[in-house]
A.B. asks: 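Questions regarding the structure given below will be posed in turn.
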Amino acid sequence: MAVTVGELLAMPHLQMSLHAGARGLDREVSWVHPSDLPNPWAWLASGELLLTNGTGMPADPPGQASFIEQLAEAGPSAFGLGLGTGGPPLTRALTERADALSLPVVSVPYSVPFSAVARAVADVNEREGARQLASVARLYALLRTSMARGLSGPEMFDRLGRELDARLYLVDPETGLSLFDDGPETGFTDALAAEFAAHSRAMPGVLRLRRRESDGRWATALAVAVPGDQPTALVAEPAGEQSPALGLLQHVATVGALELAQLAADRESRRRRGADLLLHLLERRLDPTAAEHQLADSGIAPAGSVFVLTPAACDTVADEVHRRLSRPRAPHLLLRRDDSLHIVMDDRPELLEQISLGTSAPIGVSDRIGTAGRVAEARQEARWALGAAKAENRRVVRYGDETALPLPRTPAEAQVLVSRVLGALMAHDAEHGTEYLHTLRVTLRSNRSWRLAADELHIHKQTLGYRLRKIEQLTGRGVTQTDHIAELWFAVRAHDLVHSRGPVRG
């Protein structure tokens, strides 16, 4: 076992004296940490003896009481003050709080260097180092046997936890949720999420978590960063009075990194299967019954789901959105196609917020899908909503939301308008490879300025004039009469909304 505070006080050559916290003399000292920082608890590990000259400690009683309280939360074995070094004297407020917290407060005389205390702790704890090595060896032996038996992640971490006399959880620090689909949940979800947010959504090497129990006492846990690309925490709740050694937890965190790699591979496999299913639904390659069964197998309930559409020029955006939906274990189908993300998911605001965090692009959301046979129609609704979001420079538009656009209310109505006004023009473009629709769009966007439109199209003004005459022949509408201009402008804008383009602006 490591040396205790009481055993250090009993060493004559250290000449240390106890000032407060006598009930904590059996605390083990794992290391000596000298620091004169005003917030030394930010750098302490559990079980360490803090030695300070006191220059960073407040001089007033309330400040010292707060200092010892915050220090106690870090779980040190004791607080040691060097005498005769210019620090403020200990106040009664500090000693009373230390007694209440059972945190030993000791003094080290000026004649005894802090290095002598550190050597004493190191000498006694050398035997403890050998014991730690044996514990590490047992942990990796457990890992080998667990993998050989094909145990699941939760089962493996349960075995490792029993070895450390603690309950272990591999969690997303942002939500506190287990990364295992069937994994247990830690009781420190809120505390971890708050600490993660306080550290600018980054996972420090170690966090000390607290929660108040129903009897008023404080329960504690350690959260250790797991190596990897995405922030992940290993939370250890002690089953007994003592928390597991931080060094051992860091070894378990390495095991957690291996599990993360396996989870990422499983997640990518589910993503590919979901993309294939969504593609088949969009192309109507599945009969309704089979589609309903496959959606149910994926955890998707069409009655409560929506179709989400957002631009995505690269796979990086798709990866981030998929990760953000996967970590809270939200069932979804995701397909990147035509530089857009097509997503089917539950109609829940928090999931839409995760997509917003994963991309800065505008988002269109359909009405509730309802049945598997309506997925393709829901995509059209999402496309309509996305077009409205782009046109009005809005972050998110849901199908059916009020918009300032004086346009048809639905994609179906828009398609009727487009077919009636632009049908012949679009057919000519498709048959002959011309770009009359684009010419019309640019001309209207340029407020019918031949010079501006010709410059943007990189053609001569005479060529533009020929194209506009051809457009008038095909549509029966020119760009000189007000009623014709209005019909053409509304039709082009409706076309661009339906096809999720940047609409013509007038």
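Only heavy atoms go into these numbers, but all of them, side chains included; no hydrogens, no water, no symmetry mates.
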A.B. asks: So, for Phe196 and Met203, which heavy atoms are closest and what is the spacing to 0.1 Å?
C.D. replies: CE1-N, 3.8 Å

A.B. asks: Val105 and side chain to side chain contact (heavy atoms under 4.5 Å, CB included): which single residue from Leu71, Ile68, Asp99 fits?
C.D. replies: Ile68

A.B. asks: Could you state the interatomic distance from CD1 (Ile343) to NE2 (His332), rounded to the nearest 0.5 Å?
C.D. replies: 7.5 Å

A.B. asks: Out of curiosity, Thr91 OG1 to Asp60 CG, how far, rounded to the nearest 0.5 Å?
C.D. replies: 8.0 Å

A.B. asks: Are Ser178 and Glu185 close enough that some pair of their side-chain heavy atoms sits under 4.5 Å apart?
C.D. replies: yes

A.B. asks: Does the side chain of Thr359 reach to within under 4.5 Å of the side chain of Leu341, using non-hydrogen atoms?
C.D. replies: no

A.B. asks: Just list the side-chain donor-acceptor pairs under 3.5 Å for residues 151-161, sequence neighbours left out, or say none.
C.D. replies:
unit_1	atom_1	unit_2	atom_2	d
Ser152	OG	Glu155	N	3.4
Ser152	OG	Glu155	OE1	3.1
Glu155	OE1	Ser152	N	2.9
Asp158	OD2	Arg162	NH1	2.3
Arg159	NH1	Thr145	OG1	3.4
Arg159	NH1	Ser146	OG	3.1

A.B. asks: Of the non-hydrogen atoms in Phe188 and Leu209, which two are nearest, and what is the gap between them?
C.D. replies: CD2-CB, 3.7 Å

A.B. asks: Excluding sequence neighbours, so at least two apart, what forms salt bridge (charged side-chain N to carboxylate O under 4.0 Å, His left out) with Arg211?
C.D. replies: Glu213

A.B. asks: Just wondering, do Val344 and Leu277 contact through their side chains at under 4.5 Å, heavy atoms?
C.D. replies: no

A.B. asks: Please determine whether the number of non-hydrogen atoms from other residues, nucleotides or ligands lying under 6.0 Å from atom CZ of Arg267 exceeds 12.
C.D. replies: yes

A.B. asks: Any idea which heavy atoms bring Ala291 and Leu286 closest together, and the distance?
C.D. replies: CB-CB, 4.1 Å

A.B. asks: Which atom pairs, donor and acceptor, lie under 3.5 Å between side-chain atoms of residues 306-321 and protein residues at least two apart or in another chain?
C.D. replies:
unit_1	atom_1	unit_2	atom_2	d
Thr310	OG1	Pro362	O	2.8
Asp315	OD1	Arg336	NH1	3.1
Asp319	OD1	Arg271	NH1	2.6
Asp319	OD1	Arg271	NH2	3.3
Glu320	OE2	Arg323	NH2	3.1
Glu320	OE2	Arg324	NE	2.8

A.B. asks: Tell me the side-chain hydrogen bond (donor to acceptor under 3.5 Å, both in side chains) pairs involving residues 291-308, sequence neighbours left out?
C.D. replies: none

A.B. asks: Show the atom names and distances, to 0.1 Å, of all donor-acceptor pairs under 3.5 Å that link a side chain in residues 254-266 to residues at least two apart or in another chain.
C.D. replies:
unit_1	atom_1	unit_2	atom_2	d
Thr254	OG1	Gln250	O	3.2
Gln262	NE2	Asp266	OD1	3.0

A.B. asks: Give me each pair satisfying ring-ring contact (aromatic ring centres under 6.0 Å, His included) with a member in residues 26-81, each pair once, sequence neighbours excluded.
C.D. replies: Trp41-Phe67, Phe67-Phe79

A.B. asks: Taking all non-hydrogen atoms of both residues, which atom of Leu101 and which atom of Arg27 are closest, and how far apart?
C.D. replies: O-NH2, 3.5 Å

A.B. asks: Given side chains that start at C-beta, do those of Glu237 and Tyr169 come closer than 4.5 Å, heavy atoms only?
C.D. replies: yes

A.B. asks: Provide the closest heavy-atom pair for Ala120 versus His13 in the form atom of the first, atom of the second, distance.
C.D. replies: CB-NE2, 4.4 Å

